[in-house]
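Working notes, structure below.
Note that this is a predicted model, so its numbers are computed, not measured. Lettering of chains follows the sequences in order, A, B, ..., and the numbering in each one begins at 1.
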There are 2 protein chains.
Amino acid sequence: MRIGDVAAAAGVSTRALRYYEEQGLLTSERSPSGQRHYGDDAVRRVRWIQALYAAGLNSKAITGLLPCVHTGVATDEMITHLAAERDRIDAQIRDLTTTRERLDGIIDAARDRNPECDLSAEAATAGSAG
Amino acid sequence: MRIGDVAAAAGVSTRALRYYEEQGLLTSERSPSGQRHYGDDAVRRVRWIQALYAAGLNSKAITGLLPCVHTGVATDEMITHLAAERDRIDAQIRDLTTTRERLDGIIDAARDRNPECDLSAEAATAGSAG
DNA sequence: CTAAAACCTGACGTTGACGTCAAAGGCAGC
DNA sequence: GCTGCCTTTGACGTCAACGTCAGGTTTTAG
């Protein structure tokens, strides 16, 4: 696969892929003319990178985790690190859940206060995800 | 309360509080000499601001939501907006939960592969939160 | 062969929530 | 009035994950 294919398949820009390579997160074979070529697992790797970015990790942290994430092989230290990041994600989920519940409470209270609002709006919101 | 008191109580910097005021997220009374003074609810408001930042909202979005969040009074439009943000937080929680579960799977698999690792390390991780 | 599309490196630009420093004014204890 | 801490405005610095543009090369479609 060439860089554009991987980018399309993973839903990121080619710039992002070059950035990942620059950060040591992604490697590529080069054709004689210098063009990048990737194996099929590159897409899964990029999806992992995105997921870990979304979880609040930065490039350096991901660099430390990706080897064992991708290969399944990890040293004790790596596992400790993995568990620590998992705990951080857990805490993040808890905080977000609290915020979500409080928002829910406010929404419900406001709907009680107001004349039933327009419930069709909520159905529209649920449909227009993206 | 003066700005330093609010900052300490809410766990943020005074710079952050001035920034919130600059963004229209937080108001303050001024003493004749120009120093800021806050009511007790300022701390709760700041905690809300932090929670919404942590949920991925930016200053502009928070500006639109804070009035109804804090007072409980909301127009139909505000409620729609609130519900939309709640849905986004939901999606974020789902993504994070997926990532967390996959990390868990990797950790378990690596522990099976390795000789039981050192389980004391995990207890240490659980204790050193912060 | 040609034109278009994709790719390359290199480098500067962007954004947002602050950090940090400077220079000056205000407030409490002594 | 001195000392020391807190506060003020103003303005530049930061950091990370890219966006974007420039100028050139390579691959592909017809």
By nearest atom, which of the nucleotides D/dT7, C/dG16, C/dG19 is closest to the B/R2 side chain? D/dT7
Over how many whole Å does the gap from A/N58 atom CG to D/dC18 atom C1' extend? 14 Å
Would you mind classifying the nucleic acid contact of B/S31 as base, sugar-phosphate or nothing, using non-hydrogen atoms under 4.0 angstrom? nothing
In this structure, how many angstroms lie between the C1' atom of D/dT7 and the CG atom of B/L17, rounded? 13 Å
No-H, no-angle donor-acceptor pair, A/R15 side chain to D/dT20 base, under 3.5 Å: yes
Answer yes or no: does atom CD of A/E22 have more than 12 heavy-atom neighbours from other residues, nucleotides or ligands under 6.0 Å? yes
Gap between atoms OH and P, on A/Y53 and D/dC15 respectively (whole Å): 16 Å
Donor on one side chain, acceptor on other, B/S59 and B/Y53, under 3.5 Å: yes
Looking at the side chain of B/I3, which of D/dT7, D/dC18, D/dT9 is the nearest nucleotide? D/dT7
Using a cut-off of strictly less than 4.0 Å, decide whether A/S33 has a side-chain nitrogen or oxygen near OP1 or OP2 of D/dT27. yes
Would you mind reading off the distance between B/E21 atom CD and D/dG10 atom C1', rounded to a whole angstrom? 15 Å
Can you tell me how far P of C/dG26 sits from NE2 of B/H37, to the nearest Å? 13 Å
Of the listed nucleotides C/dC8, D/dT8, D/dA17, the one nearest the side chain of B/R36: D/dT8
Which residue in the set A/T75, A/T80, A/I79 passes side chain to side chain contact (heavy atoms under 4.5 Å, CB included) when paired with A/E77? A/T75
A/R18 near the nucleic acid: base, sugar-phosphate alone, or nothing, with a heavy-atom cut-off under 4.0 Å? base
For B/E21, look at atom CD and say whether over 12 heavy atoms of other residues, nucleotides or ligands are found less than 6.0 Å away. yes
Rounded to the Å, how far apart are B/Q23 CD and C/dC18 C1'? 10 Å
Interatomic distance where CD belongs to A/Q35 and C1' belongs to D/dT25 [whole Å]: 8 Å
Quick one: is A/T14 getting a side-chain N or O under 4.0 Å of the C/dC7 phosphate, OP1 or OP2? no
A/Y19 has a side chain; which of D/dC18, D/dT8, D/dT27 sits nearest to it? D/dC18
Just the rounded figure in Å: distance from P of D/dA16 to CD of A/E22. 12 Å
Could you pick out which residue, A/P32 or A/S13, lies toward the 5' side of DNA chain D when each is mapped onto its nearest nucleotide? A/S13
CA sep, side-chain torsions, deciding dist, call: B/K60, B/Q23, side chain to side chain contact (heavy atoms under 4.5 Å, CB included): CA-CA 8 Å; B/K60 192 180 174 185; B/Q23 298 293 310; over 6 Å; no
